[in-house]
Amino acid sequence: MKIALMQETAVPLDMAGNLALIEAAAHRAREQGAELLLTPELFPVGYAPAQIRAELSAEDVAAVRVEAAAIARRSGIALVASLPGQQAPEERGITAVLFGPEGERLGQYQKVQLFGSEEKESFCPGSMAPDVIRLGGLNLGVVICYDIEFPEMARAAAAAGAEVLLVPTALAEEPQVPRLLVPARALENRMTVAYANHCGSEGGLSFDGLSVVAGPRGEILGELGSEPGLLVAEVGPRPASGAEGPWYLEDRRTELHRQWI
Ligand SMILES: NC(=O)CCCCC(N)=O
C-alpha cells in the first residue's frame, strides 16, 4: 500500500488555510497512487496548545472535523487528521482521527504522553492503548508525537497487531527523534513507522520537518528535509520472523519485565 506524508507549515487558528493545504496534499497524494495521507499533529488548527485551549470552542472543532472528513471524501483517500478532541475545551485531548476514503470515521486515538507544561495545561491525556484499524489489507496503528519517544507506546501498538504505525507529530529542534528513535521503534517492533512533522516557523516554534518512513528492519523507506513536501512510500505487512533473529516480539519476557518497570 502506498502512503503519503504531508510536511507543511500551518498557521495557528487559520483553519481554512490549513485545511486547504491538507486538501491540496490529499489530491497530490491520490494522483501519486497513495491510499492514505498522514498529516502532522494538530495541523488543521495549527500547533498552538494554549491558543487552542483559549480560543477554540467545541463547535469550532466540530466544524473542522466535518471538513476533514469531506476532504477525505472529495479526494478519495484515507486521511489521518490530528485534531483537538470533541469535548468541551477543559475536557478534551489531542487526538488523531482516521477517516476512510469516503469520509467515514474508521478510528480515533487520544495522545497519551502530553509534552511539556503548555500541552499539559491545555489538554487532557488519553489513557487508552493504541488499537488497530484494518485498511488496505494492513493493520494500522496510530500514536501522536511524544508518544513515539516511549518504547512502551510503539510496543503496545505492535502487541495489538499493528504493522504500520502512523505518527502525526509537531517536533521542534530535536532531530535525533526522526533520525534515531523512529527507525529504532520500527526495528525493535518489526513494524513500519511513518512520522509526519510540521516544518518552518509556526506559533513561535521552529519545526524540524525531517518527516520519515522507517521500515520493519529500521531501514529508511523515505524521508524529507526541512522544507515543505509530500513523502510517498510503499509500506507492507510485518515480515515473518525468520530463522535468523532477532525475535524481539517473540522473545519478550513480559511478565518478568513488568515486575521491573
Ligand atoms: N508535540 C510534542 O509532543 C512535541 C514532542 C517533542 C519531544 C522532544 N523530544 O522534543
Side-chain angles (χ1 to χ4, degrees), residues 3 5-6 10 12-13 15 18-19 21-22 25-26 36-73 77-100 103-116 118-133 135 140-150 152-154 156-157 160 162 164-171 193-198 202-203:
I3 65 171
L5 285 67
M6 176 181 119
L13 305 195
M15 280 69 89
N18 299 335
L19 287 164
L21 288 172
I22 292 177
L36 178 143
L37 176 67
L38 173 61
T39 62
E41 182 180 15
L42 290 173
F43 196 89
V45 297
Y47 184 79
Q51 240 187 314
I52 293 167
R53 175 71 173 76
E55 300 179 35
L56 272 196
S57 68
E59 292 72 21
D60 294 326
V61 172
V64 174
R65 190 184 175 99
V66 165
E67 183 52 23
I71 288 171
R73 189 171 59 252
I77 191 170
L79 171 66
V80 177
S82 173
L83 298 164
Q86 294 172 276
Q87 301 81 352
E90 64 275 14
E91 296 168 357
R92 67 195 176 198
I94 298 174
T95 74
V97 186
L98 173 57
F99 296 101
E104 72 279 26
R105 197 197 84 160
L106 298 179
Q108 178 167 314
Y109 167 78
Q110 182 174 338
K111 186 176 184 180
V112 168
Q113 303 285 172
L114 295 175
F115 178 76
E118 185 179 352
E119 280 195 14
K120 291 174 182 171
E121 288 160 13
S122 306
F123 293 105
C124 300
S127 55
M128 301 296 287
D131 58 17
V132 169
I133 305 140
L135 186 73
L140 307 181
V142 180
V143 296
I144 300 173
C145 199
Y146 197 36
D147 286 333
I148 198 65
E149 300 182 50
F150 295 80
E152 299 86 346
M153 295 301 298
V164 180
L165 189 58
L166 305 168
V167 189
T169 195
L171 184 80
V193 181
Y195 187 81
N197 196 16
H198 297 246
E202 183 183 326

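Everything quoted here is computed from the prediction, not taken from an experiment. We're numbering straight along the sequence, starting at 1.
L42 and L83 make their closest contact through CD2-C, 3.8 Å (heavy atoms, listed as atom of the first residue, atom of the second, distance). Among all heavy-atom pairs drawn from L79 and A72, the shortest one is CB-CB, 4.1 Å. Residues V142 and Y109 share a closest heavy-atom pair of O-CG, 3.5 Å. Of all non-hydrogen atoms in A78 and L98, the two that sit nearest each other are CB-CD1, 4.3 Å. Pairing each heavy atom of G46 with each of A10, the nearest pair is CA-CB, 3.9 Å. Nearest approach of Q87 to G93, heavy atoms of both residues: OE1-N, 4.4 Å.
Contact check for L165 versus I148: side-chain heavy atoms found under the 4.5 Å cut-off. In this structure, V45 and M15 have side chains that are in contact, with non-hydrogen atoms separated by less than 4.5 Å. Contact of the P44 side chain with the L19 side chain is registered, since non-hydrogen atoms from C-beta on lie closer than 4.5 Å. Taking 4.5 Å as the limit, every side-chain heavy atom of N18 sits out of range of all side-chain heavy atoms of L13. Annotation: side chain of F123 is in contact with side chain of P84 (closest heavy-atom distance under 4.5 Å). In this structure the side chain of L166 reaches within 4.5 angstrom of the side chain of I3, judged on heavy atoms. Within the 4.5 Å cutoff, side-chain heavy atoms of V193 are placed close to those of V167. Side-chain contact between E202 and P12: present, with at least one pair of heavy atoms (C-beta onward) separated by less than 4.5 Å.
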*Please test V143 against F150 for side-chain contact (heavy atoms from CB on, under 4.5 Å), starting from the C-alpha separation and ending with a verdict.*
CA-CA 11 Å; V143 296; F150 295 80; over 6 Å; no
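E121 contributes atom CD, which lies 11.0 Å from atom CG of L114 (distance to the nearest 0.5 angstrom). Interatomic distance, R53 CZ to E90 CD, rounded to the nearest 0.5 Å: 5.5 Å. Put simply, OG on S127 and CD on Q110 are 7.0 Å apart, with the number rounded to the nearest 0.5 Å. Separation of atoms CD (E59) and CD (Q86) is listed at 11.5 Å; rounding is to 0.5 Å. Rounding to the nearest 0.5 Å places CG of D147 at 12.5 Å from CZ of F115. The structure places CG of L38 at 4.5 Å from CG of L5, a figure rounded to the nearest 0.5 Å.
Residues passing the ring-ring contact (aromatic ring centres under 6.0 Å, His included) test with F99: none are found, sequence neighbours excluded. In terms of the side-chain hydrogen bond (donor to acceptor under 3.5 Å, both in side chains) criterion, residue partners of R105 (sequence neighbours excluded) are, by chain and number, Q108.
Residue pairs satisfying the side-chain hydrogen bond (donor to acceptor under 3.5 Å, both in side chains) criterion with at least one member in residues 37-51, sequence neighbours excluded, are listed as follows: E41-K111, Y47-E119.
Between the side chain of S82 and the main chain of T95, a donor-acceptor pair closer than 3.5 Å is present.
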